[in-house]
Amino acid sequence: MIQSAAPQHMVTRFAPSPTGRLHVGHGWSALLAMDMARAAGGAFRLRIEDIDGTRSRPEHVAGIVEDLRWLGIEWDGEIVFQSQRLASYDVALDRLRGQGLLYPCFCTRADIQASLTAPHGPEGPVYPGTCRTLAPAESAKRIAAGAAHAWRIDMGKAAAQAGPLHWSALPFPVRDVRTQVVAHPVLHGDVVLARKDAPASYHLSCTLDDASMGVTHVLRGDDLRGATDIHRLLQALLNLPLPAYVHHPLLVGPVGKRLAKRDGSIALADLRAQGMDPALLAADLRAGRFPIGIALASA
Ligand code: GLU
């Protein structure tokens with residue numbers, strides 16, 4: 001199956017979740033993605049990943065827009081909000097269900113933690129597959145009775161159907177030299193594609209939206225490198241075009257701790273409040289110079 005897009009106009013994107021204010025690492029990542037597109041005469045898009053109803057907040061959307069504009073980041077076209085794209089997630093879920101690749105999962109977090117057999121994958125414990133073997137009639141009965149459920153992919157079956165998979169990686173700092181990385185989605189187990197509390201998981205919404213926005217180059221942090229294997233599998237199953245991926249190192253704070261939104265000391269909004277000149281900050285970030293106490297994580 002040939003899925004690579006024809007030589008095209010480069011499209012990159014920045015896709016924050018509005019769960020807090022942006023930190024320096026987000027600003028750096030957005031600048032890198034914008035500059036990459038601009039250097040190629042392409043487009044840079046902004047997508048707000050706001051389908052997590054428990055953590056997303058409208059005030060953080062406004063904060064993201066304000067912080068990005070302050071740093072001199074301009075995006076092309078309208079902002080895409082995932083909360084307005086739910087119908088397309090449903091269509092994809094139906095398609096995967098139709099292929100017999102999804103099953104409802106009624107397990108609670110506690111059920112999963114209590115399972116001593118849970119193997120470990122690249123991102124922690126892997127779902128032990130408890131609900132995979134539930135009889136369809138039993139699942140249907142529980143759903144009809146209103147039991148809360150997620151939808152998981154039957155990873156073994158899906159990976160077997162897709163066959164061997166690779167994704168294209170560009171190095172960081174970015175050069176147009178592609179490496180083919182072997183994808184191992186099976187290591188992640190039966191991941192959730194529709195959550196109990198949200199109509200789609202990050203994996204499904206991100207993969208579908210990158211395709212629908214015509215993203216040709218995904219630039220994001222190293223913490224999402226493993227997730228790319230799952231995204232590649234979904235691209236194969238849903239016949240989506242294949243972007244190239246750049247995973248940049250994460251930034252760490254003074255004690256080598258990963259920057260997190262809740263660590264207000266390095267929020268862009270705080271730097272602004274301290275009177276930092278955004279043009280100087282952007283120039284420093286572009287040159288790989290970070291505010292005092294912040295550094296690139298060693299690989
Ligand atoms: N929304 C994700 C985050 O804020 C990023 C998704 C991506 O770049 O693929 O971590």
Side-chain angles (χ1 to χ4, degrees), residues 10-37 44-58 60-61 63-65 67-68 71 73 75 79-86 89 122-124 167-170 172 174 181 183 185 188 191-193 195 198-235 240-252 258-263 266-268 297:
M10 181 185 290
V11 180
T12 65
R13 49 61 162 189
F14 179 58
S17 309
T19 56
R21 292 305 288 244
L22 298 182
H23 57 58
V24 171
H26 294 116
W28 180 55
S29 188
L31 278 171
L32 291 172
M34 178 180 76
D35 289 355
M36 188 177 170
F44 169 65
R45 309 286 316 273
L46 176 60
R47 177 171 79 232
I48 302 290
E49 302 209 324
D50 60 346
I51 49 171
D52 181 338
T54 53
R55 296 173 64 226
S56 294
R57 299 266 180 280
H60 293 315
V61 176
I64 287 169
V65 167
D67 294 343
L68 292 177
L71 198 57
I73 291 169
W75 49 92
I79 302 177
V80 172
F81 289 90
Q82 290 196 324
S83 54
Q84 292 171 10
R85 299 201 14 89
L86 306 187
Y89 308 149
E123 265 131 36
W167 47 270
S168 285
L170 300 187
F172 184 84
V174 182
V181 178
H188 297 264
V191 294
V192 168
L193 293 191
R195 291 166 41 169
S201 69
Y202 157 66
H203 297 305
L204 184 69
S205 56
C206 170
T207 307
L208 289 170
D209 290 348
D210 282 339
S212 81
M213 291 164 73
V215 172
T216 60
H217 293 73
V218 172
L219 185 145
R220 60 185 174 195
D222 250 342
D223 52 335
L224 293 170
R225 186 184 294 273
T228 309
D229 290 359
I230 301 167
H231 301 179
R232 179 64 187 90
L233 174 70
L234 293 174
Q235 287 155 354
L240 302 173
L242 307 181
Y245 292 86
V246 182
H247 293 101
H248 62 69
L250 297 178
L251 297 186
V252 290
R258 213 170 110 178
L259 299 191
K261 287 194 182 105
R262 59 188 170 276
D263 184 353
I266 36 71
L268 293 172

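Note that ligands are numbered from 1 as they come in the structure, with each ligand's atoms numbered from 1 the same way.
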Counting each atom of ligand 1 from 1 as listed, which ones have a heavy atom of [X] under 4.0 Å away?
X    : value
A15  : 1 (N), 2 (C), 4 (O), 5 (C), 6 (C)
R13  : 7 (C), 8 (O), 9 (O)
C206 : 9 (O)
Y202 : 6 (C), 7 (C), 9 (O)
R220 : 7 (C), 8 (O), 9 (O)

| Do any N/O atoms on R47 end up under 3.5 angstrom from N/O atoms on ligand 1? |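 Not met; the criterion fails.
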
Any donor-acceptor pair under 3.5 Å linking the side chain of [X] with the backbone of [Y]?
X    : Y    : answer
D50  : S83  : yes
T207 : H203 : yes
H26  : F14  : no
S201 : V192 : yes

(Q) Check for me whether F14 has a heavy atom closer than 4.0 Å to any atom of ligand 1. (A)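 Flag not set, F14 not near ligand 1.
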
Query raised in the report: Going by an N to O cut-off under 4.0 Å, is there a salt bridge joining R13 and D209?
Result: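 No.
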
* **Check: H248 ring centre within less than 6.0 Å of W28 ring centre** =>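 So the answer is yes for these two rings.
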
Derivation and outcome, salt bridge (charged side-chain N to carboxylate O under 4.0 Å, His left out), residues D222 and R225: CA-CA 5 Å; D222 250 342; R225 186 184 294 273; 2.7 Å; yes

**OP:** May I ask you to identify, for V218, whether its side chain, its backbone, both or neither come under 4.0 Å of ligand 1 on a heavy-atom basis?
**Re:**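 Answer for V218: neither.
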
- How does S17 reach ligand 1, by side chain, by backbone, by both or by neither, if only non-hydrogen atoms under 4.0 Å count?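 Both parts.
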
